[in-house]
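Remarks on the structure that follows.
The basis for the numbers below is simple: all heavy atoms, side chains too, and nothing from hydrogens, waters or symmetry mates.
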Amino acid sequence: MSNLYYVTASTGETVKLEDSWVATDGALDIRGSNVDVDLGYRDIESWSRPAYSKTLDVVFTDKDKADELVEAIDADYESKTPGTFYGGGWSQRGYLVTQDPKKISPSTLTLSVRCVFLDGVWRKPRLIHLFPNSGDMDGTKRYHYAYPYKYASEYGARIITVQTKRPVSFLMCIFGSVQNPSVRIGNNTYSVRVTVPSGGYLLLDSRDASATLVTKDGIRTDVYRECVRGKGEGSGTYAWEKIPSGVSFARWDDTFGFDLTLFEERSAPPFGSGL
């Protein structure tokens with residue numbers, strides 16, 4: 001696993017777990033997935049992807065870097081706030097919780113590090129900009145007169161493509177000013193009954209079913225109760241419905257713009273061009 005590192009929540013420090021001064025031998029132990037299943041009669045009654053822990057042997061050629069890792073473990077323990085593991089564009093919340101010295105020599109130090117992964121999945125974000133008046137449903141520019149050709153939009157996409165075989169979580173950031181913003185993607189409408197002031201924005205996060213209004217002065221307000229939730233997932237008006245697999249069109253009244261971050265998910269990091 002190349003470019004594996006951990007960012008602490010308490011200090012923002014980056015702890016590299018694979019670099020010129022450390023090695024993890026492919027980090028095979030953390031490449032596996034973890035699923036809890038309850039078996040029934042010739043079937044699985046339920047399954048889930050809970051938090052899990054893995055042990056990683058890290059070989060340091062710079063012992064000062066090993067000390068930095070120990071300090072990071074202590075800092076996050078005090079704050080009780082998870083950091084984030086990164087590698088190859090994929091990430092997952094978690095902790096470095098313990099370290100156990102295994103071997104030391106004049107040139108190297110081997111630590112067995114316990115890594116706790118909280119999300120149960122690895123995520124890779126992809127940001128899409130959708131600006132107001134950015135074109136028709138094909139992403140082409142609008143003109144007041146008939147032209148024999150279409151011209152590519154220079155403002156942003158209106159077609160959303162999810163390449164994974166299952167729906168993905170999202171973070172939608174709607175920019176003010178706009179009253180009662182509503183966006184339709186695929187067969188679902190995302191609506192919030194609030195006024196987003198000029199210079200402010202609205203965050204709609206399907207990962208934790210949250211909605212936060214932020215003013216230009218940085219004042220944050222929980223507006224969960226103002227979200228249209230319909231009858232829950234699949235109802236067609238659920239504010240945190242995952243973005244479906246395949247190609248979807250984004251439709252709205254063009255009076256505001258928004259950013260859409262898609263979070264592709266995998267139970268385990270890829271063995272190929274990923275981590």
Side-chain angles (χ1 to χ4, degrees), residues 123-164 167-264:
R123 294 189 174 102
K124 187 174 185 178
R126 179 163 59 92
L127 176 62
I128 301 174
H129 300 291
L130 297 113
F131 293 99
N133 300 312
S134 57
D136 58 24
M137 289 300 106
D138 294 323
T140 53
K141 294 177 68 173
R142 291 175 176 154
Y143 290 94
H144 295 294
Y145 306 100
Y147 282 89
Y149 305 104
K150 291 183 177 181
Y151 295 84
S153 171
E154 62 187 23
Y155 297 103
R158 298 174 76 88
I159 295 176
I160 298 170
T161 302
V162 174
Q163 298 177 345
T164 60
V168 298
S169 301
F170 69 89
L171 173 65
M172 187 182 296
C173 180
I174 297 174
F175 301 101
S177 61
V178 58
Q179 186 175 4
N180 300 329
S182 181
V183 177
R184 185 169 181 82
I185 299 176
N187 295 322
N188 190 78
T189 300
Y190 306 80
S191 302
V192 185
R193 296 182 291 261
V194 296
T195 297
V196 184
S198 178
Y201 56 92
L202 170 68
L203 293 175
L204 196 62
D205 196 336
S206 73
R207 293 170 297 176
D208 58 2
S210 66
T212 306
L213 182 64
V214 184
T215 69
K216 65 179 180 180
D217 298 321
I219 300 174
R220 304 173 71 91
T221 304
D222 184 350
V223 292
Y224 172 88
R225 294 181 177 274
E226 308 307 320
C227 295
V228 177
R229 300 187 289 277
K231 295 182 179 180
E233 292 185 39
S235 65
T237 55
Y238 183 56
W240 299 282
E241 186 81 19
K242 289 186 175 182
I243 308 300
S245 175
V247 176
S248 300
F249 293 110
R251 301 175 175 87
W252 73 105
D253 66 6
D254 261 343
T255 62
F256 62 93
F258 64 98
D259 284 349
L260 185 68
T261 303
L262 305 178
F263 296 97
E264 298 178 5

(request) Give every residue pair that meets the salt bridge (Lys or Arg N to Asp or Glu O under 4.0 Å) criterion with at least one member in residues 223-240, sequence neighbours excluded. (result) none
(message) I'd like to check Ile128 versus Asp259 (side-chain heavy atoms, cut-off strictly below 4.5 Å). Are they in contact?
(response) no
(message) Going by side chain to side chain donor-acceptor pair (under 3.5 Å), name the residues that satisfy it together with Thr237, two or more places apart in sequence or in a different chain.
(response) none
(request) Work out which heavy atom in Ser248 is nearest to a heavy atom in Gly186; give both atom names and the distance. (result) CB-N, 3.9 Å
(request) Could you list the residues that satisfy ring pair (Phe, Tyr, Trp, His ring centres under 6.0 Å) with Tyr238, not counting sequence neighbours? (result) Trp240
Show which side-chain atoms of residues 201-220 pair as donor or acceptor with protein atoms under 3.5 Å away, not counting sequence neighbours.
from	atom 1	to	atom 2	distance (Å)
Asp205	OD1	Arg207	N	2.9
Asp205	OD1	Arg207	NE	3.0
Asp205	OD2	Arg207	NE	3.4
Asp205	OD2	Arg207	NH2	2.8
Ser206	OG	Phe170	N	2.8
Ser206	OG	Phe170	O	3.3
Asp208	OD1	Ser210	N	3.4
Asp208	OD1	Ser210	OG	2.7
Thr215	OG1	Asp217	N	3.3
Thr215	OG1	Ile219	N	3.2

(message) Within the structure provided, determine whether Val194 and Asn180 are in side-chain contact (heavy-atom separation under 4.5 Å).
(response) no
(message) Ser191: which residues meet the side chain to side chain donor-acceptor pair (under 3.5 Å) condition with it, sequence neighbours left out?
(response) Ser182
(message) Could you go through Ile160 and Ile243, starting from their C-alpha distance and side-chain angles, then the distance that decides it, and tell me whether this counts as side chain to side chain contact (heavy atoms under 4.5 Å, CB included)?
(response) CA-CA 9 Å; Ile160 298 170; Ile243 308 300; 4.1 Å; yes
(message) Could you check whether any side-chain heavy atom of Leu260 comes within less than 4.5 Å of a side-chain heavy atom of Ile185, counting everything from C-beta outward?
(response) yes
(request) Heavy atoms only: give me the nearest Arg184-Thr189 pair and the separation to one decimal. (result) NH1-OG1, 2.9 Å
(message) Going by side chain to side chain contact (heavy atoms under 4.5 Å, CB included), name the residues that satisfy it together with Thr195, two or more places apart in sequence or in a different chain.
(response) Gln179
(message) Contact between Phe256 and Ile174 at the side-chain level, heavy atoms closer than 4.5 Å - yes or no?
(response) yes
(message) Once side chain to side chain contact (heavy atoms under 4.5 Å, CB included) is applied, do any residues pair with Pro125, and if so which ones, sequence neighbours excluded?
(response) Thr261, Phe263
(request) Provide the closest heavy-atom pair for Gly230 versus Ser235 in the form atom of the first, atom of the second, distance. (result) CA-OG, 3.9 Å
(message) Minimum heavy-atom separation for Gly236 and Asn188, please, with both atom names.
(response) C-OD1, 3.0 Å
(request) Write down the atom of Tyr190, the atom of Lys242, and the distance for their closest heavy-atom approach. (result) OH-O, 3.8 Å
(message) With a 3.5 Å distance limit and no angle check, can you tell me whether Glu264 reaches the backbone of Arg123 through a side-chain donor-acceptor pair?
(response) no
(message) Which residues pass the salt bridge (charged side-chain N to carboxylate O under 4.0 Å, His left out) test with Arg193, not counting sequence neighbours?
(response) none
(message) Could you walk me through whether Phe249 and Arg158 satisfy the side chain to side chain contact (heavy atoms under 4.5 Å, CB included) test, starting with their C-alpha distance in whole Å, then the side-chain angles of each, then the deciding distance to 0.1 Å, before giving a yes or no?
(response) CA-CA 6 Å; Phe249 293 110; Arg158 298 174 76 88; over 6 Å; no
